[in-house]
Amino acid sequence: MRFSESRLACAPTTHPRATKQPRTVVSPSEPAETPLGLSAMLAATSTPSRSMLRAPTLRALLRRPAAPAASTPAFHGPRGSRFMCAASEGGRSVTTVDPNAKKARKKMIDLQPPKGTRDFAPEEMRVRTWLFGHFRDVARSFGFDEFDAPVLESEELYVRKAGEEITQQLYNFSDKGDRRVALRPELTPSFARLILQQGKSLALPAKWFAIGQCWRYERMTRGRRREHYQWNMDIVGVEGVEAEAELLAAITTFFAKIGITSGDVGIKVSSRKVLQAVLSRFDVSEENFAPVCVVVDKIEKLPRPKIVEELEGLGVAESAIEGILGAMELKTVEDLEALLGADAEAVVDLRTLFSHAEAYGYADWLVFDASVVRGLSYYTGVVFEGFDRAGELRAICGGGRYDKLLGALGGEDRPMVGFGFGDAVIMELVNDKGLLPSRLKTGSVDDLVYPMSESLRSPAMQIAAKLRAAGRSVDLVLEGGKKPKWAFKHAERSGAERVVLLGEKEWENGNVRVKNLATREETDVKPEDLC
Ligand code: HAM
């Protein structure tokens, strides 16, 4: 038995008035002999009132058979614990109350959440709601439907052999039923699972979005955490880069909406077909494509000799390595065309995409960069990554085309493309640039209703109810004896627009006083005219 369990089991025997001397009492939640056990227990708990024993516990006690004394093991809590549950006597378990009980109870738990995770107290939650509100608004304005899936998924959904970092960072374990499960590190496999579930009934193209918490046991850096929320938008059933163009339009629309410009942020774009074309020239096998992409993705993070070593480890020939690394240095589509030819799929896709970006009006956000291949194994075509132009932060968002993921999960392949956009890096940028609206510092109620005396509490309640029914958000002062100074301070903290004061004199005249907190104006108003 763990200490916490035993504490629960013994808890009802402790009472604030418990005697300081160790004494033996019966624990009601341990197996007890009835009816003898029950009466003994009631007698023993005479210091705390009998009403402490809640009905279900009593019923449970009456139902339970007596446990043989020897079958209840002795329990000794950790050093300094409040309780020591001694071996049961004649079917009754006994508890010795420690005189130091009060001291032990005061031991403070760790107030921090687990490393790499965050709490969202109201102030942080307002910010999160603001951010997610923009994510949702943009996705909806592009005609996407929202979905969700469990944070806990089957581990097999993430079993991929390309050596991706993400699979090494899994929070995975066996559940109590011995099933291998994992906290999702990303939303795409869950999305693919849902799409497979829909089968042929899915109307195409399907445009879905989600905002969900993801877990990765990652080394913590600025904007990288062990849990983060990701906004995803994905399209199923569109083969052409028109889908990519639409998604990039959504991302840039979002940036613009929160005040980030193409001077602050850019989006690097390339295509895995570049690497594919290079690899096929050097006869590198198909199976090696995804692992090579995973290694090439580390070009900016690792020194060149390490990249060469990892590629050699995959059996890639020296000449091919030279070819790969050379191609990854290309910085213009023209250079790419010179290398692969104008008809190469990668060149055609990228040229079309850049021309669509002109049509939408966001071409200034895009930068061709052949070294962007992305670290996830499933991408097959265009890939992109949002970055801060100051070069201080990790990737802001990333995505691409993954036409073969459904097949890898045992289903029938469909064209798919999407992106993931984390909440952590973007908030670093928002804070650096001071883009957070100041209204988020406080709550956002419309009215504070304040009865200045207890005799006016009933009308105050009626007024609050009426305003709420009219759609206003109303905070009602719940405690008597609050001074006006307190009420106005509280109204400011809640972000109230108005304070509706119920004072004896005004009420006698059939009015309430309304103070507009922005203009500081005060007026007497009839309650029926408040909304
Ligand atoms: P990803 O590049 O691994 O792609 O993650 C997408 C975004 O999630 C990153 O650009 C970053 O904003 C955020 N992110 C990832 N890991 C962390 C972390 N440890 N802490 C904070 N933020 C993080 C994917 O996950 C793909 N499934 C995206 C996708 C959707 N591709 C197609 N559809």
Side-chain angles (χ1 to χ4, degrees), residues 115-118 128 131 135 139 144 147 149 153 157-158 160 162 164-171 183-195 206-236 238 243-244 246-248 250-251 254-255 260 265-268 272 293-294 297-298 300-301 372-388 393-406 408-409 414-430:
K115 188 170 178 203
T117 69
R118 295 163 294 176
R128 187 174 114 182
L131 181 71
F135 287 159
F144 281 62
F147 78 97
E153 284 277 14
L157 209 51
Y158 310 105
R160 303 194 289 249
E164 299 152 281
E165 216 176 24
I166 199 170
T167 55
Q168 292 149 23
Q169 296 168 336
L170 267 191
Y171 275 90
L183 296 181
R184 64 183 176 202
E186 54 165 338
L187 295 169
T188 311
S190 305
F191 172 67
R193 186 172 62 69
L194 264 74
I195 292 298
K207 300 179 192 170
W208 291 16
F209 83 96
I211 302 168
Q213 196 180 31
C214 300
W215 292 81
R216 299 183 189 184
Y217 197 84
E218 179 137 21
R219 201 170 63 81
M220 304 255 298
T221 54
R222 193 171 172 216
R224 280 290 179 276
R225 328 192 47 85
R226 303 241 160 112
E227 65 56 44
H228 70 282
Y229 283 85
Q230 241 188 55
W231 168 42
N232 278 226
M233 282 177 71
D234 290 85
I235 301 177
V236 188
V238 176
E244 281 89 331
E246 185 79 341
L247 293 173
L248 290 167
I251 293 174
F254 165 79
F255 282 134
I260 285 174
V265 160
I267 304 175
K268 292 179 190 168
R272 282 212 171 167
C293 288
V294 170
D297 177 61
K298 300 181 216 163
E300 281 189 3
K301 289 176 228 150
V372 172
V373 292
R374 311 256 309 124
L376 296 160
S377 63
Y378 47 67
Y379 293 114
T380 51
V382 168
V383 279
F384 50 86
E385 228 163 59
F387 68 101
D388 70 305
L393 300 165
R394 297 277 303 266
I396 302 170
C397 58
R401 178 167 286 278
Y402 51 104
D403 290 347
K404 303 237 166 82
L405 182 59
L406 296 189
L409 295 175
R414 280 183 168 161
M416 289 165 97
V417 56
F419 69 80
F421 195 125
D423 64 337
V425 183
I426 189 65
M427 284 316 300
E428 295 285 335
L429 203 59
V430 164

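Numbering of ligands and ligand atoms starts at 1, following listing order.
Taking every non-hydrogen atom of Cys397 and a distance limit under 4.0 Å, the qualifying atoms of ligand 1 come out as 10 (O). Residue Ile396 approaches ligand 1 through these ligand atoms, each under 4.0 Å from one of its heavy atoms: 10 (O), 12 (O). Near Gly223, meaning under 4.0 Å from any of its heavy atoms, are these atoms of ligand 1: 20 (N), 21 (C), 22 (N). Of all the atoms in ligand 1, the ones that sit under 4.0 Å from a non-hydrogen atom of Asn232 are 30 (C). For ligand 1, the atoms sitting less than 4.0 Å from at least one non-hydrogen atom of Gly398 are 10 (O), 28 (C), numbered in the order shown with element in parentheses. Atoms of ligand 1 lying under 4.0 Å from any heavy atom of Asp234, numbered from 1 in the order shown and given with element: 30 (C), 32 (C), 33 (N).
Closest heavy-atom approach to atom 20 (N) of ligand 1 among the candidates Glu218, Met427, Arg225: Arg225. The residue among Tyr379, Tyr229, Trp215, Phe387 with a heavy atom at the shortest distance from atom 31 (N) of ligand 1 is Tyr379. The closest heavy-atom contact to atom 5 (O) of ligand 1, among the options Gln230, Glu385, Glu186, comes from Gln230.
When hydrogens are left out, the protein atom nearest atom 28 (C) of ligand 1 is Gly420 N, 3.4 Å; that is the closest non-hydrogen contact.
When the shell of 6.0 Å around NZ of Lys404 is examined, it contains 12 or fewer heavy atoms from other residues, nucleotides or ligands.
At least one heavy atom of Tyr402 lies less than 4.0 angstrom from ligand 1.
Inter-residue side-chain proximity for Gln169 and Pro185 is flagged as unmet; no heavy-atom pair is nearer than 4.5 Å. The shortest distance between side-chain heavy atoms of Met416 and Ile195 falls below 4.5 Å. The closest side-chain heavy-atom distance from Arg272 to Cys293 is below 4.5 Å. Contact of the Leu376 side chain with the Thr188 side chain is not registered, since no non-hydrogen atoms from C-beta on lie closer than 4.5 Å.
Under 4.0 Å from ligand 1, heavy atoms of Arg224 appear from its side chain as well as its backbone. No part of Leu187 comes within 4.0 Å of ligand 1, judged by heavy-atom distances. Contact annotation for Asp423 and ligand 1: no heavy atom of the residue comes within less than 4.0 Å of the ligand. Heavy atoms of Arg374 found under 4.0 angstrom from ligand 1 belong exclusively to the side chain. Only the side chain of Tyr378 comes within 4.0 Å of ligand 1, judged by heavy-atom distances.
Distances between N or O atoms of Phe421 and those of ligand 1 include no value under 3.5 Å.
Counting only residues at least two apart or on different chains, the salt bridge (Lys or Arg N to Asp or Glu O under 4.0 Å) pairs with a member in residues 373-384 are Arg374-Glu385.
A cation-pi contact links Arg128 to Tyr229, judged by a cut-off of 6.0 Å to the six-membered ring centre and 45° from its axis. For the pair Arg216 and Tyr171, the NZ or CZ position fails the cation-pi test of under 6.0 Å to the six-membered ring centre and within 45 degrees of the ring normal.
In this structure, Phe147 and Phe191 have tilted ring planes: the angle between them lies in the 30° to 60° band. By the 30° and 60° cut-offs, the orientation of the rings of Phe135 relative to Phe254 is tilted.
Taking the six-membered ring for Trp and the full ring otherwise, Phe209 and Phe421 have centroids separated by 6.0 Å or more.
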